[in-house]
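Have a look at the structure below, then the notes.
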Amino acid sequence: MLRPYQEEAKTAVFREWETYDKTLLVLPTGCGKTVVFASIAEELVRQGKRVLILAHRGELLEQAADKIKAFTGLGCSVEKAEQTSLGEWYRITVGSVQSMLQDKRLGRFRKDHFDNVIVDEAHHAITDGYKKVLSHFENAKVLGVTATPDRGDMKNLGTVFDSLAYEYTLPQAIKDGYLVPIKALTVPLRLDLTDVGTQAGDYKAGDVDNALDPYLEQIAEEMKRTVSDRKTVVFLPLIRTAQKFCEILRKHGFRAAEINGTSEDRKEILQRFADGEIDVLCNAMLLTEGWDCPSVDCVVVLRPTKVRALYAQMIGRGTRLCDGKKDLLLLDFLWHTRRHELCRPACLIAGEEDVAERMTKNMEEAAGVAFDLQEAQQTACTDVVKDRENALAEELRRQRQKKRELVDPLQYAMSVAATDFTSYVPSFPWEMQAMEDKTRKNLEKLGIFTDEIACEGQARKILDLAEKRREGGFSSAKQIRFLEGHGFRNVGQWSQTDAKKMIYRIKASGWKVPHGIVPEEYVP
């Protein structure tokens with residue numbers, strides 16, 4: 001049985017396919033994305049359709065086939081290496097993109113062979129290999145599934161996918177009790193990355209290895225002090241670094257093991273770790289995808305990255321629920337760099353850059369103290385909102401003084417606390433287009449001034465917000481414009497009824513604020 005958000009996600013995908021051919025589903029690591037697309041595949045089979053599930057690693061294909069079998073009872077054919085789905089009667093095929101993209105193999109499939117394609121770990125779909133396979137099955141409806149991407153990832157994914165069908169965020173999953181709370185402990189140990197180069201958009205592993213090496217002993221000592229009672233996964237840049245750090249940890253009393261792609265006893269090591277015979281598992285980025293051990297309650301990232309999807313995958317190894325597990329502890333080091341793209345714990349939970357920066361600053365100032373990330377985010381949000389209110393006070397005063405009947409979108413967004421409006425960046429082609437006449441008319445009907453809205457995506461964001469507020473009984477844009485024009489503050493937080501009552505009182509007072517009411521201080 002699907003969880004409520006999983007059912008919502010499934011419904012949203014089928015609804016989105018009515019309009020768009022290629023859509024995205026975003027679920028945090030540990031929230032059952034495989035279960036969701038297994039259920040979607042099952043429904044497609046019921047409709048008599050053929051489904052291809054694409055992934056870039058064998059473990060992901062096996063995991064998908066196992067989940068589909070366990071959850072739906074349906075078997076899968078395999079398209080990988082010497083195995084082929086052609087001639088099989090199964091309507092679901094799990095396929096390796098490395099195998100599928102080969103001209104000889106791809107050419108054996110009619111372009112209409114698959115009705116639907118599901119791309120697991122869809123942040124890889126921007127590569128040429130995936131694009132080649134998707135373009136071959138040109139008429140298939142496509143679903144991409146990925147963990148929470150950052151804004152840059154979404155913009156890249158927008159070159160492949162047409163829309164975002166559904167997104168379930170990490171903070172919401174924690175709040176709903178489907179993932180454990182995350183605590184971040186900033187360790188007052190500065191690791192210098194200023195001379196580390198970049199390659200393919202991320203830090204060079206070799207350079208990181210050289211920068212990290214002098215600090216391994218100190219890191220082991222810090223781990224002995226803070227995480228000796230936890231089941232820990234450590235991510236490192238290179239295999240040799242993971243092996244060296246494993247030996248150092250053993251000298252400090254940890255039952256540590258190293259694992260890599262060539263480890264012949266890999267399954268045995270993972271099982272011993274799961275059984276509690278091993279305390280710390282060191283790896284060079286092997287365990288970012290396709291491996292689950294719910295009892296992990298500490299993650300140490302010694303492989304700094306700019307790629308939020310990768311960072312989220314690493315942290316996601318420890319966010320799953322498990323009996324007796326209260327939280328996930330994340331050790332955060334003070335990486336010193338001239339650049340600001342480095343992923344830190346704040347980026348997991350903060351949707352906006354200035355909130356993430358304030359969180360990071362607050363946590364660095366209190367280094368050595370463990371912070372609950374959601375509490376830290378709330379504190380940072382409060383600080384940022386105060387800063388924004390001060391910075392925008394003059395702008396809003398200017399907007400209020402304009403002699404127009406419609407409310408400025410900036411004023412509206414700030415009044416209703418829609419902070420994501422001001423930082424909105426379009427991801428998909430339709431979002432980037434100029435606003436449609438129909439959208440403009442709908443906004444103006446609601447009382448929104450449209451000349452300063454940049455694109456269709458931003459316009460629809462306001463429309464969706466206004467509709468949700470109407471359904472929730474909150475004040476309208478016209479009420480906000482009128483009352484804030486008379487000096488009232490935060491009218492966007494008022495109910496429609498409270499706003500209407502105040503407007504009636506002003507009208508009864510000859511269109512003046514009633515005696516005894518101080519607009520700047522008034523709260524209904």
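Computation of the quantities below employed the complete heavy-atom set of this structure, encompassing side-chain atoms and omitting hydrogens, waters and symmetry-equivalent molecules. Everything quoted here is computed from the prediction, not taken from an experiment.
- In this structure, the side-chain hydrogen bond (donor to acceptor under 3.5 Å, both in side chains) partners of Gln172, at least two apart in sequence or on a different chain, are Asp176.
- Salt-bridge formation is not detected for the pair Lys468/Glu471: no Lys NZ or Arg NE/NH1/NH2 atom is positioned less than 4.0 Å from an Asp or Glu carboxylate oxygen.
- Residues forming a salt bridge (charged side-chain N to carboxylate O under 4.0 Å, His left out) with Asp162 (at least two apart in sequence, or on another chain): none.
- Taking the six-membered ring for Trp and thresholds of 30 and 60 degrees, Tyr166 and Tyr168 have nearly parallel ring planes, at less than 30 degrees apart.
- Atom CG in Asp437 sits 11.0 Å away from atom CG in Asn442 (nearest 0.5 Å).
- With respect to Glu221 and Lys224, no salt bridge is recorded, no charged nitrogen being found less than 4.0 Å from a carboxylate O.
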Using the salt bridge (charged side-chain N to carboxylate O under 4.0 Å, His left out) rule, take Glu444 and Lys441 through it: C-alpha gap first, then chi angles, then the decisive distance, then the call. CA-CA 5 Å; Glu444 291 178 349; Lys441 289 177 182 177; over 6 Å; no
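- Between Tyr178 and Tyr5, the ring center distance clears the sub-6.0 Å criterion.
- Between the CE atom of Met432 and the SG atom of Cys455 there is a distance of 8.5 Å, given to the nearest 0.5 Å.
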Identify every side-chain donor-acceptor pair in residues 504-524 under 3.5 Å, counting partners at least two apart or on other chains, and give the distances.
residue	atom	partner	partner atom	Å
Ser509	OG	Arg505	O	3.0

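- With sequence neighbours excluded, no residue forms a side-chain hydrogen bond (donor to acceptor under 3.5 Å, both in side chains) with Thr360.
- Using a 4.0 Å cut-off between charged nitrogen and carboxylate oxygen, Lys141 and Asp21 count as a salt-bridge pair.
- Each of Leu287, Leu281, Val300 was compared with Phe235 under the side-chain contact (heavy atoms from CB on, under 4.5 Å) criterion, and only Leu287 meets it.
- Considering all non-hydrogen atoms of both residues, Thr29 and Ala312 come closest at OG1-O, 4.0 Å.
- Here the shortest heavy-atom pairing between Lys10 and Val36 reads N-CG1, 4.5 Å.
- Ring pair Trp494/Phe488 is perpendicular by interplanar angle, where above 60° counts as perpendicular and below 30° as parallel.
- Under a 3.5 Å cut-off, the side chain of Glu456 and the backbone N or O of Glu436 do form a donor-acceptor pair.
- A salt bridge does not link Arg230 with Asp279: every distance from a Lys NZ or Arg NE/NH1/NH2 to an Asp or Glu carboxylate oxygen is 4.0 Å or more.
- A donor-acceptor pair under 3.5 Å links the side-chain atoms of Gln374 to the main chain of Pro171, judged by distance alone.
- Here Arg190 does not pair with Glu364 in a salt bridge; the nearest charged N to carboxylate O distance is not below 4.0 Å.
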Would Glu467 and Arg460 count as a salt bridge (charged side-chain N to carboxylate O under 4.0 Å, His left out) here? Give the steps. CA-CA 10 Å; Glu467 178 60 24; Arg460 291 223 211 145; over 6 Å; no
Apply the test side chain to side chain contact (heavy atoms under 4.5 Å, CB included) to residues Met363 and Arg344: give CA-CA distance (whole Å), side-chain angles for both, the deciding distance (0.1 Å), then the verdict. CA-CA 11 Å; Met363 292 166 67; Arg344 298 287 294 277; over 6 Å; no
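- Without hydrogens or angle criteria, Lys33 side chain to Ala147 main chain gives no donor-acceptor distance under 3.5 Å.
- Proximity of Leu189 to Glu222: side-chain heavy atoms (C-beta onward) are nowhere separated by under 4.5 Å.
- To the nearest 0.5 angstrom, Leu330 atom CG is 7.0 Å from Leu373 atom CG.
- Using a 3.5 Å distance cut-off with no hydrogens or angles, the side chains of Ser475 and Arg469 do pair a donor with an acceptor.
- Qualifying side-chain hydrogen bond (donor to acceptor under 3.5 Å, both in side chains) partners for Gln6, counting only residues two or more places apart in sequence or in other chains: none.
- The distance from atom CZ of Arg481 to atom NE2 of His486, rounded to the nearest 0.5 Å, is 11.0 Å.
- Taking Thr288 as the reference, nothing meets the side-chain hydrogen bond (donor to acceptor under 3.5 Å, both in side chains) condition, with sequence neighbours excluded.
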